Amino acid sequence: MLTQLIATLTLALVCTATPVIVRDNLIRLPIARRVNSTGISKLIEIDQARARTLKTSSKTRHASARFRSAPTVAVFNDPVTNAATTYTAAVQVGNPATTYNLIVDTGSSNTWVGAGTRFTTTSSTVNTGQLMAVEYGSGFVFGDEVLDRVSFGGLTISQQSIGVALISSGFNGVDGIIGIGPTDLTEGTTSDGDSVPTVTDNAFSQGSIGTKQVGVSFEPTTSLSVTNGELTFGGADPSKFTGSLHTVPITTTSPASEFFGVDQSISYGSTTILSTTAGIVDTGTTLILLASDAFSAYQTATGAVSDEATGLLSITASQFASLESLNFNIGGETFTLTPNAQIWPRALNTAIGGTTDGIYLIVGDIGTPSGEGLDFINGFAFLERFYTVFDSSANTVSFATTPFTTATTN
């Protein structure tokens, strides 16, 4: 399908792993969260669409097609609606540089620009002669693959391979993506079929960072638009977490193994609702998604009902008062979401179509039963409470508590 799309568009256009490095001299990249309050699609529908594409793309990863379908990113618009939530970083490209606001995505690995702010060719731009194409769950990008100077957080990468959109769909309000997922996710996205080094790969190979580790820090927020996060390239930022980092290997279960996937079990209070299984930790998903059977058990245990306006689970004030902790056991360590951490920020209720006094849960249904190899997604609702380090060379993910793990922000 994507090969046909390319042809049409072309014609039209003519735990025992390497330890996490904890240091102070890191490359820091601020990240902004924005909640759009107009024309919002339901959060759960957007996240479920992403989950479907993550699973589907893995099945076609080794197909013989010239270009392959790749995972969906963050939160997309369709031609009519706006994305509910986006998480973006300011990245400079070229010399002289143009600044682009790019979605931060661990579920894909191509970096590209030009969806909003158009790309400007400068003295540092080198056309590779290759085309690039990535089809996402709610959109696509097609364009040229170039080498160019990329800068962010005081770091400059020379000859970074990036896509330049000639046509794109589904990216209203942003300029593209900075993909920080595993490098293998780029295979088949350019016309030569080879993989494309990520910004993390090149920062490491050019000696700017000493390890291919990316730390992700987010703080819970009640603002529609705020810079509340930070990426750190080259190790973990000790100022962003408390206690020790707990490191686990990437799961061996497919398709979660193709992303930053881990094995975990989940309990509500003392009751197990999801036995140990594989899923992923993902900056491109807003909610926490559970396999349908685990979601059903959670809904029953909380007494929540589905809210038609938001698509989320809703509970009463008395149910919230008796809400129990949601526990994620990852590699023998338990990471606990308090009752407050399980609800959508009430100050932002109307931004997602809810009522001002409503109480909505941030746990959703992934849309498929457990046992399919990707049975949960720990999205931003999880990442805002736990510091996370993605290591693409050691194939590990690390977690730690933060000063906001038990905050009552929501």
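Computed from a predicted model, the values in this text were never measured in an experiment. These numbers come from the heavy atoms of this one structure, side chains and all, not from hydrogens, waters or symmetry mates.
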Exercise. Do Leu374 and Ile377 pass the side chain to side chain contact (heavy atoms under 4.5 Å, CB included) test, and can you show the C-alpha distance, the side-chain angles, and the key distance before you say yes or no?
Worked result: CA-CA 8 Å; Leu374 203 164; Ile377 300 180; 3.8 Å; yes

Exercise. Does the side chain to side chain contact (heavy atoms under 4.5 Å, CB included) test come out yes or no for Asp144 and Phe119, once each step is laid out?
Worked result: CA-CA 11 Å; Asp144 295 316; Phe119 177 75; over 6 Å; no

Problem set entry | Asn202 (side chain) donor-acceptor with Gln160 (main chain) under 3.5 angstrom | no

Problem set entry | Check: Tyr387 side chain, Leu245 main-chain N or O, donor-acceptor pair, under 3.5 Å | no

Establish, from distance only, whether the side-chain atoms of [X] and [Y] form a donor-acceptor pair under 3.5 Å.
X	Y	answer
Thr183	Ser109	no
Gln342	Tyr298	yes
Asp237	Thr232	no
Ser257	Thr252	no

Problem set entry | Residues Phe152, Phe233; criterion ring-ring contact (aromatic ring centres under 6.0 Å, His included); working and verdict | CA-CA 10 Å; Phe152 52 82; Phe233 288 81; 5.0 Å; yes

Qualifying residue, where the test is side chain to side chain contact (heavy atoms under 4.5 Å, CB included) with [X] and the options are [options]:
X	options	value
Ile266	Thr272, Thr271, Leu290, Thr277	Leu290
Asp47	Thr286, Ile366, Ile288, Asp365	Thr286
Thr186	Thr111, Val134, Val196, Asp194	Val196

For this session: Show your working on side chain to side chain contact (heavy atoms under 4.5 Å, CB included) between Thr106 and Phe259 and close with a plain yes or no.
Result: CA-CA 8 Å; Thr106 57; Phe259 307 95; over 6 Å; no

For this session: Step by step, work out the side chain to side chain contact (heavy atoms under 4.5 Å, CB included) result for Arg385 and Asn378.
Result: CA-CA 11 Å; Arg385 300 290 178 155; Asn378 293 353; over 6 Å; no

